[in-house]
Each structure stands twice: as C-alpha cells, then as structure tokens.
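Just below is one structure, and these are the notes that go with it.
As the structure lists them, so they are numbered: ligands from 1, and atoms in each ligand from 1.
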Amino acid sequence: MTPALTVPAWTVLGVETSCDETAASVVRLSGDGVVDVLSSVVASQIARHAPYGGVVPEVAARAHVEIIDDIIGQAMAEANLAFGALDGVAATAGPGLVGGVMVGLSAGKAIALARGLPLIAVNHLEGHAVSVRLAARAPYPFLLLLASGGHCQLLAVEGVGAVQRLGTTIDDAAGEAFDKIASSLGLPYPGGPELERLAAHGRAERFALPRALMGRAGCDFSFSGLKTAAARLAAAEVLTEQDRADLAASAQGAIATQLADRARRAMTQYVESRAGVERLFVVAGGVAANGAVRKALEQAAQAQAFAFLAPPLKYCTDNAAMIALAGAERLAAGFRDSLDAPARPRWPLDAAAALAHPIHTPGRKGAKA
Ligand code: KG4
Ligand code: ZN
C-alpha cells in the first residue's frame, strides 16, 4: 500500500510590538497554500496614550514589557499548542518605535533560543503586505496599496520578500492625515475611526479641500496641504455639529479620492511593465478599515479591470497573525535569521527605491517611508 502523501506545514508563532499594540498569534501555513489562524491576540494600549494625543514611545515600550509574556502565553493557549509544536518564531524587527520593537524581538529570540527553533526577523510592512492572505487566496504577484499611520506606499508584491516600490508619500502618511485632521476637530486619538464615524452624518461636497498631485505623473502621495487646509477651517470659526460632520466627510472624501487617483496610475504602470500579469489590487494597513477609502479603491480597480481584495477589518490594523504568516512564508522559502538580528527603526521594503529616491521630511515617520 502506498503511504498517503502528507502536505508539509509550517506552524509559526508571531510577535508584534512595533507601535501601540502588543500582539501574538499562531498561524499554520500548509505547503498547498492553505492558511489557518490558530490564534490572534491583540492588546491595545490606546487608553495609555490617549491623554497625550498620540503614541508616547517610552510609555509604549514599558507597556509592551509588562504584558508580552502573558499575550504570548494566551496565543499559545488559544492555539492549544505547546512550544514544542512550533516550527519557528517570527517577530517584527522594524520599522517602528525601536524600544517597542526590541521588546517583541527579544521575546521571540528568547523562545527561539530556548526551544532550538529558527527565528525569522519580519519587516512590519511585509506583514501588512501578506495580511490579505490570512483570509483569502491572493496569489503573487499583486499590486498593493499599504496605507497606515506611518506609511503610504504603492508596492508591486512579486513574491516572498520581493517587493518593488512604485510610489510613496512625500510628506505625511494617509493615517497620519486622518489622525491630525481628526485632532483639529477635537476628536480623541486615534482619530481615523472617530473621523469616519463623524463623517457618516456629513456632506463630502460641502468643503472644497486640496487634492495634491491629482492627475500628475508618478504614483507619489502628498497630504500636508489637505491637512493644513482642514485644520485652518476647523480653527477659523465656531463650527456647528453639522459643520464638523461636513468637514470630516469632505476631508475623508479628499483622502479617498487622492488614494484612488494614485492607485489608478499605479495600476496602469503595473500592467504596462508586466506583460500578461494577473490584475489583482490589494489594500492593507489601518486606513484600509475606512469604508469610503475601500469604496473609492474598489471603483478604481473595477475601472481598470483589476480584481479587488482587502483583508477583514481585524487584519487591517496592527496584529501578529500577519507577522506569523510573513514568517511562515519566509520559513517555507528557506529564509532564517540569526539571533543577533537587529531591531531597526527604519527598514524600507524596497531598499533600492528608498536609496534612489530618499524622502526626508520633518513628518512623524516621513523618512521611514
Ligand atoms: O496599520 P496600523 O494599525 O498601524 C500602523 O502601522 O501605522 O494603522 C493605524 C492608522 C491610524 O492612523 C488610524 O487612525 C488609521 O490607521 N485608521 C483609520 C481607520 N481605522 C484605523 N483611518 C481611517 N478610517 C478608519 N476606519
Ligand atoms: Zn502597521
């Protein structure tokens, strides 16, 4: 009798601590591409940072230290696995707030060393890039818009660890624009989801706000003019509740339109330089949780005959399942990192593009992009 063929599988613990979420997850990737999220635990620090109106790096690092062991323990318990059942440990090694990154990376290294498991030092952006594959079949290659609090980039994702950057922001990230406009409207941190709630009762056509670079060549973004214009309007007069909702809706509409315009350009560029490529457009990152943004991008994709995919909301914002999956894909492809892998505050996914077109701005994380 011929023995049944078994499909290889990689079961990986992922750890994420690069910003204000302490997260751990166990993901199993089978050789036939099936992904099982066995657990995904995310502890948000929002309440600790809200009084300051943004993430305070030192507070974040301390909060990660306090709970990282418990969060990893919970992820293993929910997956119903012992450490001996793992094939590897993946931890975010950057880019991000380096104090926090060091906490999760050190925890990952300790487990890898104690259990004799391979370590995979994962780029947080690569995690967002694969996040869509946690819940859908999204074969490589695909075109990705990564829009989060620290990043706004259009990327051709060719395969595991192979990414080409088509465009990036020259000032703020899209999530940063959402957060700052929300803050000028007096909304609490993090402003993106709050602004979306306020915008639900507003009229997007009420205020004509600037839409930078629209129709221009290239796939870069700019949001600082929009942010300043919205802040000026918010400060200029006493706003009624309806005025505030209208301003929120107008700002959200301007961001969504701009993202869709740049994405449309990237789609054209992407197919022009890749004869016969599968037309798949993916959006990921916290801003992908925004309904108006998703709708605008879906329409842009439809107009360019691209299929459109976005991760479920829980995998748009920071989580460790995406880090575990990025780690599992790397492990399956034969990548390993050594235990002295450094924590990196800056770590561009496409190093060649970042070198050729360095972007230096005084923005929160501008140079990181
Ligand atoms: O991916 P993420 O959790 O963290 C980073 O890697 O930056 O993204 C967080 C960003 C924040 O700027 C947040 O305001 C924004 O995503 N965000 C939203 C929404 N949900 C999260 N922006 C607009 N609408 C939302 N519903
Ligand atoms: Zn993120």
Carboxylate-amine/guanidinium contact E176 K180, below 4.0 Å: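 A salt bridge links E176 with K180.
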Residues D261 and R211 bridged, charged N to O under 4.0 Å: no
Derivation and outcome, salt bridge (charged side-chain N to carboxylate O under 4.0 Å, His left out), residues R206 and D246: CA-CA 6 Å; R206 165 90 185 276; D246 290 348; 2.7 Å; yes
Could you list the donor-acceptor pairs under 3.5 angstrom formed between side-chain atoms of residues 82-107 and any protein atom two or more places apart in sequence or on another chain?
| unit_1 | atom_1 | unit_2 | atom_2 | d |
| --- | --- | --- | --- | --- |
| D87 | OD2 | T11 | N | 2.7 |
| T92 | OG1 | E16 | OE1 | 2.6 |
| S106 | OG | M102 | O | 2.6 |

Proximity of H128 to ligand 1 by residue part, where a heavy atom lies under 4.0 Å: side chain
N/O separation below 3.5 Å, P190 to ligand 1: no
Any N/O pair G149/ligand 1 closer than 3.5 Å: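 Yes; the residue has a nitrogen or oxygen that sits under 3.5 Å from a nitrogen or oxygen of the ligand.
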Under-2.8 Å protein N/O/S neighbours of the Zn ion (ligand 2), ordered by chain then residue number: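 Sorted hits: H124 NE2, H128 NE2, D318 OD1.
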In residues 293-303, what donor-acceptor pairs under 3.5 Å come from side-chain atoms, sequence neighbours left out?
| unit_1 | atom_1 | unit_2 | atom_2 | d |
| --- | --- | --- | --- | --- |
| R294 | NE | A288 | O | 2.6 |
| R294 | NH2 | A288 | O | 3.4 |
| R294 | NH2 | P311 | O | 2.8 |

A138 backbone acceptor or donor facing R133 side chain under 3.5 Å: yes
Proximity flag Q252 to ligand 1, non-hydrogen atoms under 4.0 Å: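 No, that is not the case, since the closest heavy atom of the residue is not under 4.0 Å from the ligand.
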C19 touching ligand 1 at heavy-atom level, < 4.0 angstrom: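 No.
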Residues forming a ring-ring contact (aromatic ring centres under 6.0 Å, His included) with Y315, sequence neighbours excluded: none
Over 12 foreign heavy atoms within 6.0 Å of CD, E278: no
